[in-house]
2 protein chains.
Amino acid sequence: MRNPVHPPHLDDFDRKILAILQRDNMTPQRTIGDAVNLSAPAVQRRIKRMREEGVIRADVSVVEPDAVGQSITIFVEVEVISETAEQIEQAKREFTAAAEIQQCYYVTGEADFILVIIVPSMADYEALTRRLFFGNNNVKRFRTFVAMDRVKVGLGVPVG
Amino acid sequence: MRNPVHPPHLDDFDRKILAILQRDNMTPQRTIGDAVNLSAPAVQRRIKRMREEGVIRADVSVVEPDAVGQSITIFVEVEVISETAEQIEQAKREFTAAAEIQQCYYVTGEADFILVIIVPSMADYEALTRRLFFGNNNVKRFRTFVAMDRVKVGLGVPVG
DNA sequence: TGCTCCAATGAAACAAAATTGCAAATGAAC
DNA sequence: GTTCATTTGCAATTTTGTTTCATTGGAGCA
């Protein structure tokens, strides 16, 4: 079976294009072309290829939670009891399925998973903890951090 | 003359549009219009308004770090010594300024800041720790978690 | 009720951008 | 030097975004 992520053959053009798209993916291809010294169609073909290869994972609007009403950003460190491959995969599936969980990472260190959660209220978070953590007998402990200030929010990947 | 600053007022149309844009902001306005029962111009006006009001903070491509070459995602909990307003603001400025720091949150709990960092290599992370943590006498301790798997990555905000 | 005012809408016209077709340029292998 | 595969730029085409404008549907009020 092929690795889902293809061997990346990104040249300087691709990297420059990515740098622009990570800042503003509504930039016209013509403008990008001017910036990287390429024609608009050439830019378009490269973007299309990078989407197909999975280099570009998604194209999204970033929404300000405060503007959408009540919303709380929460970090959770989760430590599991059994770290067998099967148990870990199961946990990944459960965390991925939860709509409130925006980001889920499997990590080394004093925890096994780190979750970034956005919920409308603390009551929602409590309900989530009951469902995901207390209701999961493979969770040894979890530690909660509530964000008072989203100082910086980005998903940009250094490309240069 | 209209007041230039409106309190963010989102109706069901806006919320449905946001839900779509958070999933794929390249969706044509006509398609969005069909989905929410609105004409393309109406959709376009609402999107424009939400951008101006800051409800939509940015429009970006999400890049797969693994595809761009070496890249390591790291979480750091930072605890500071002095939590005066001035010291906190200073820390926020420093963390915001660091290009490697993708996300920075000021949190309650057993840490004061949580950082999400993406660097090309561990050597880069070590250099960063020397600069930001060891070189900052207000940092009491920091705890590092290295991501082995970016299970789920999103910045979506629940709007329903 | 009947009236104006105002904000928001949709249809159509219009402008801009994305996409495609194609010939030429580039470069690597032989 | 020839061939083959890739990538490019230009121009034509299609799709999408944006503006215009007349209309609709209230809210407030005499």
Side-chain angles (χ1 to χ4, degrees), chain A residues 2-64 67-69 156 159-160, chain B residues 1-64 67-69 155-156 159-160:
Chain A
R2 207 81 179 103
N3 193 308
V5 176
H6 292 231
H9 62 299
L10 300 180
D11 59 19
D12 281 343
F13 285 130
D14 293 323
R15 272 184 275 272
K16 285 180 185 172
I17 292 170
L18 284 181
I20 293 171
L21 292 182
Q22 284 190 93
R23 205 164 44 78
D24 178 9
N25 75 343
M26 312 269 284
T27 310
Q29 296 170 354
R30 163 72 194 285
T31 306
I32 299 174
D34 290 345
V36 306
N37 260 343
L38 227 49
S39 69
V43 171
Q44 124 87 6
R45 287 174 200 121
R46 283 167 180 272
I47 294 176
K48 184 185 176 190
R49 174 176 53 78
M50 289 193 284
R51 283 197 221 288
E52 291 168 351
E53 290 176 349
V55 176
I56 296 175
R57 201 161 164 168
D59 291 90
V60 301
S61 293
V62 179
V63 171
E64 174 58 48
V68 183
V159 290
Chain B
M1 181 65 76
R2 213 167 327 183
N3 192 322
V5 177
H6 288 283
H9 152 270
L10 303 180
D11 60 17
D12 282 342
F13 286 129
D14 293 323
R15 273 184 273 271
K16 285 180 186 172
I17 292 170
L18 284 181
I20 294 171
L21 292 181
Q22 286 190 92
R23 208 163 39 78
D24 177 11
N25 75 345
M26 311 272 284
T27 310
Q29 295 171 353
R30 284 172 172 78
T31 306
I32 299 174
D34 290 344
V36 305
N37 260 342
L38 226 50
S39 69
V43 171
Q44 126 92 6
R45 285 187 284 258
R46 284 166 181 272
I47 294 176
K48 185 185 176 192
R49 174 175 53 78
M50 289 192 285
R51 282 196 222 288
E52 291 168 351
E53 290 176 349
V55 176
I56 296 176
R57 200 160 160 168
D59 291 271
V60 302
S61 293
V62 179
V63 171
E64 174 58 49
V68 183
L155 284 175
V159 290

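Here is the naming used below: chain letters follow the sequence lines, and residue numbers restart at 1 for every chain. Worth saying up front: this structure is predicted, and the values here are computed from it rather than measured.
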Shortest non-hydrogen contact from B:Val159 toward B:Ala19: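 What the structure gives for the nearest pair is CG2-CB, 3.7 Å.
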Minimum heavy-atom distance B:Ala35-B:Ile20, with the two atoms named: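 So the two residues come closest at CB-CD1, 4.0 Å.
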Contact pattern, 5' to 3', of nucleotides 11-27 of chain C - B, S or - by protein heavy atom under 4.0 Å: BB-----SBBB------
Sugar-phosphate only, base, or nothing, as touched by B:Arg46 at under 4.0 Å among non-hydrogen atoms: sugar-phosphate
Atom-to-atom span, CD1 of B:Ile47 to P of C:dT9 - whole angstrom: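 That distance rounds to 13 Å.
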Validation row: B:Leu21, B:Ile32 side chains within 4.5 angstrom (heavy atoms): yes
B:Ile47 side chain near B:Arg51 side chain, heavy-atom distance below 4.5 Å: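 The answer is yes; the side chains approach within 4.5 Å.
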A:Arg49 atom CZ: more than 12 heavy-atom contacts under 6.0 Å: yes
Heavy-atom neighbours of A:Arg30 CZ exceed 12 at 6.0 Å: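 Result for CZ/A:Arg30: open.
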Chain A contact limits on DNA chain D, taken 5' to 3' with a cut-off of 4.0 angstrom to heavy atoms: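 So the contact region on DNA chain D extends D:dT8 to D:dA11.
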B:Asp14 (side chain) donor-acceptor with B:Asp11 (main chain) under 3.5 angstrom: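 Yes, because the side chain of B:Asp14 sits within donor-acceptor range (under 3.5 Å) of the backbone of B:Asp11.
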Candidate pair B:Asp24 and A:Val60, rule side-chain contact (heavy atoms from CB on, under 4.5 Å), full reasoning: CA-CA 5 Å; B:Asp24 177 11; A:Val60 301; over 6 Å; no
